[in-house]
Each structure stands twice: as structure tokens, then as C-alpha cells.
Number of protein chains: 2
Amino acid sequence: MIAATQSNHPLAAVSKPGEPMTLESACMRLRAAQMRVTKPRIAILGTLFRHQSPVSIEQMHQDLANKSCDLVTVYRCLAAFESIGLVRRSFLHNGTSLYELATGCAPNYHVVCKTCGKTEQIEAFSVTGVEQTLVERGYTQLSHLVEFFGVCPPCQQTSARNATPAIPDNRV
Amino acid sequence: MIAATQSNHPLAAVSKPGEPMTLESACMRLRAAQMRVTKPRIAILGTLFRHQSPVSIEQMHQDLANKSCDLVTVYRCLAAFESIGLVRRSFLHNGTSLYELATGCAPNYHVVCKTCGKTEQIEAFSVTGVEQTLVERGYTQLSHLVEFFGVCPPCQQTSARNATPAIPDNRV
DNA sequence: ATGTCTGCAAATCCTTTGCATTTTA
DNA sequence: TAAAATGCAAAGGATTTGCAGACAT
């Protein structure tokens, strides 16, 4: 699921398709937005680059070697990154969010396994038609949210049936 | 946004398109599922029938004349209703949910105004193609979530700009 | 009669806020 | 050195849980 918010921030320009984002370019974007490049921020960006897929705040915090920075800082940094369009936030059914680097391309959509919680990307899926209609109806600042859920093949063995679901059944 | 979960519950059959759900048929489904038809449950179903659109738990609780039942009971009843497919739950960006009667037809999609939080229905929008692909990939128990956000026409006046957004900006 | 709900209070979970201290530019 | 970021502790809001009493069947 993706929150494809259209940022109004002047510095929220996405990187060009041709040149993939690097840790350096990400830092430059921070500086360009009058934000400071600190050790926690670099570490957090690092985990995002390492995953290249949606990660939870909790996960990132644990990934940070010896939890080098406070959970609160992770929250604040990601909110800051999102405000300049550096990361994209995905809202899950269970009320939590995942963050991923915002590439220059259109937002990606995912399938989330109800059992193990793993996410997989899914091919292009267009919602522009619907948004166009909404614009015609007078809506502004459009954004949307699309997410698919299911049980992935590896999780369909009997053994998995007794596992605690990553996303409790009653919430999905 | 809609959580179009495919319930596996034997009694979760939806009412036939031809015959719209009534308070009576809803109660019958409760009984059929070995659930009891209590005063709070009837009242809650009542507010759902009255709205015929997604409603928040808080909203339902306030609607109940003199808050005739506890907020906790509203939570529990809705969870119970959802477990037998009587209602559909929608998860909002701000971490809360909306519930609506599960009609026999395909799930409806909505636009949620970022300012006032009002929801409007949007015309058919198909995700079956994507789900079909996922089935081919081996996923089972598919469900999905689709929601659009924007600022509705009435909320675009200057006055509205200072209003506290129903969904804080940093969450959408 | 009995297994199911309900209400109330308290607990939990995730996220945000306040503020003094540290850090970056 | 001035503005911005961090850590820690504590607040906040939504939802859940435990348990004794009330209720539907």
C-alpha cells in the first residue's frame, strides 16, 4: 500500500529516473532543504538503502547497530524525510506504517502477506483515471492508498497455520 | 478505503443482490452465527442502517441516544459483526477505522476529505485484474484496500484553511 | 440454566510532545 | 554561535483485555 501524496514542498522534487538515488544525493537533498545531515539520519537512510523495500519504524530501529539512536528520533527523521518527498509512507491495516525510499518513478504497490508480513511489489496498477474524475469534481491535493493482502505461497504450509500472524486476522 | 476481506466463516455469506439487507435479516445472521441479539447490537446496527455509509466507532457511539452503551461494547460488537461479514471495515490513514454494512455488491470505494473527514463514494474501480495476477502467483485469501484522499470543494475556502484537519497533514 | 454479552477500569500499543542538551553548518 | 536535531521522560489517543455482573436463548 502506498500513500502517493503530492508534496507541495518546493524542494520535494524527485530524483530523475535516469539517475538512481544514492546516499550522497539523499544527503544533498537534505541540505538543500535546510536540513542537517546527522549521524542518526545517515544511519536511517542507510537501512532504507539496504532494504530497498518498505520497512517499519520498529524494524529500522532494531537494524540500527546497538540501537544507536532513539526510537523517537527515527520517527522524527522519517517524518522529516517524508516532508521533502525523500521517502514514501505506507499505512498498514494494523495502524502502523512502512517507509521506503521514494524513487523517481510512480509509486509502487505491494502485496503484504497476512501471515509473515513480507511485502512484494506488484506490477503497474493505475489509479489516474479515478483521480482525474475527482479533480473534475473539484477535489484538490489528491493522494491515494492502495494495498493488497493475501497469504504468500511459502506461508501456506500447515506449519504456518499455527504461526502468529504478522497482521492479526481480525484486523485484515 | 475498503478492506474487502474474503471471510472464510461459513456463515459469512452475503445477502443476495436482489434482496437488500434489513435489520431483521442482519439479526438473523447474528443468530445463525450463534450470536445474541442484544439491545446494544440492535442500536449499533440501527446507526449503520441509518448512515448507509462508512461511520467511525466514535461517531456511532455518539449517535447512540444518550450513549446507551459503552464505547468498548461498540468496539466489540463491530469486531463481532465483521467476523461474520456483516460489516466491512475501512482503515484510515490516521490509524482509525470506519465501518459500513457489507452489502452483497462489490466493495465501494471512497474519497476522504483531508480537511473535514467526510467521505464520498466513487464509481466502480476495478482491482480484479491485479488480484487475478496474485492468484496466479500462488497467493490465497486475497483482500485489498483502496482509498483516495483530497480536499473537497467546500473545504477549499480560506476559512477552512485554518481549521484543524480531520486527518493531520503529516499523516496523509 | 448457561453460555454470551456488557460495563467499568485498567492495560497496551503506537506515536507525539516538551524541554534541556548536543550537534551541525 | 545560532539554528536545528537528539534523547529522555512523559503525554496522548485509539483500541484491547480482565473480570464480575447482567442478559438472551
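Chain naming here is simple, since letters A, B, ... match the order of the sequence lines and numbering starts at 1 in each.
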query = On a plain distance test, is the side chain of A:Arg36 in donor-acceptor contact with the base of D:dA3 below 3.5 Å?
reply = yes
note = Rounded to whole Å, CZ of A:Arg89 lies from C1' of C:dT16 at a distance of 11 Å
message = Does B:Ser56 reach a base, just sugar-phosphate, or nothing at all? Heavy atoms under 4.0 Å.
response = nothing
Candidate nucleotides C:dG7, C:dA25, D:dT16, ranked by approach to the side chain of B:Thr73 - the nearest = C:dG7
task = Measure from CD on A:Gln59 to P on C:dT15 and round the result to the nearest Å.
result = 14 Å
request  = Specify the separation, in whole Å, of atom CG of B:Asp70 and atom C1' of D:dA20.
outcome  = 15 Å
request  = Could you tell me the separation between the CG atom of A:Leu64 and the P atom of D:dT6, rounded to a whole number of Å?
outcome  = 12 Å
request  = Take the protein atom CG of B:Leu78 and the nucleotide atom C1' of C:dC5, then report the distance between them rounded to whole Å.
outcome  = 14 Å
Gap between atoms CD and P, on B:Gln62 and D:dA14 respectively (whole Å) = 11 Å
key: Under-4.0 Å side-chain N/O to phosphate OP1/OP2 contact, B:Thr38 with C:dT6   = yes
query = Nearest nucleotide by nearest heavy atom, which residue falls closer to the 5' end of DNA chain C, A:Glu58 or A:Val72?
reply = A:Glu58
inquiry  = Which is more 5' along DNA chain D, the nucleotide nearest A:Ser68 or the one nearest B:Ile57? Just name the residue.
reply    = A:Ser68
query = Heavy atoms under 4.0 Å, any strand shown: does B:Arg76 hit a base, just sugar-phosphate, or nothing?
reply = base
request  = Tell me whether A:Ile57 is reachable from A:Val72 by hopping between hydrophobic residues (I, L, V, M, F, W, Y) whose side-chain heavy atoms are closer than 4.5 Å.
outcome  = no
ask   = Would you say B:Met28 and B:Phe49 are hydrophobically clustered, going by side-chain heavy atoms of ILVMFWY under 4.5 Å?
value = no
Phosphate OP1/OP2 of D:dT6: any A:Arg41 side-chain N/O under 4.0 Å = yes
remark   = A:Met60 CE to C:dT15 C1', in whole Å, measures 14 Å
ask   = Given B:Tyr99, which of B:Arg89, B:Glu82, B:Gln59 fulfils the side chain to side chain donor-acceptor pair (under 3.5 Å) condition?
value = B:Arg89
key: Per A:Pro40 side chain, nearest of listed nucleotides D:dT15, D:dT6, C:dT16   = D:dT6
query = About how many Å separate CG of A:Leu98 and CZ of A:Arg88, when rounded to the nearest 0.5 Å?
reply = 13.0 Å
query = Quick one: A:Tyr75 OH to D:dC8 C1', roughly how many Å, whole number?
reply = 16 Å
ask   = Is a side-chain N or O of A:His61 found less than 3.5 angstrom from the main chain of A:Ser56, in a donor-acceptor match?
value = no
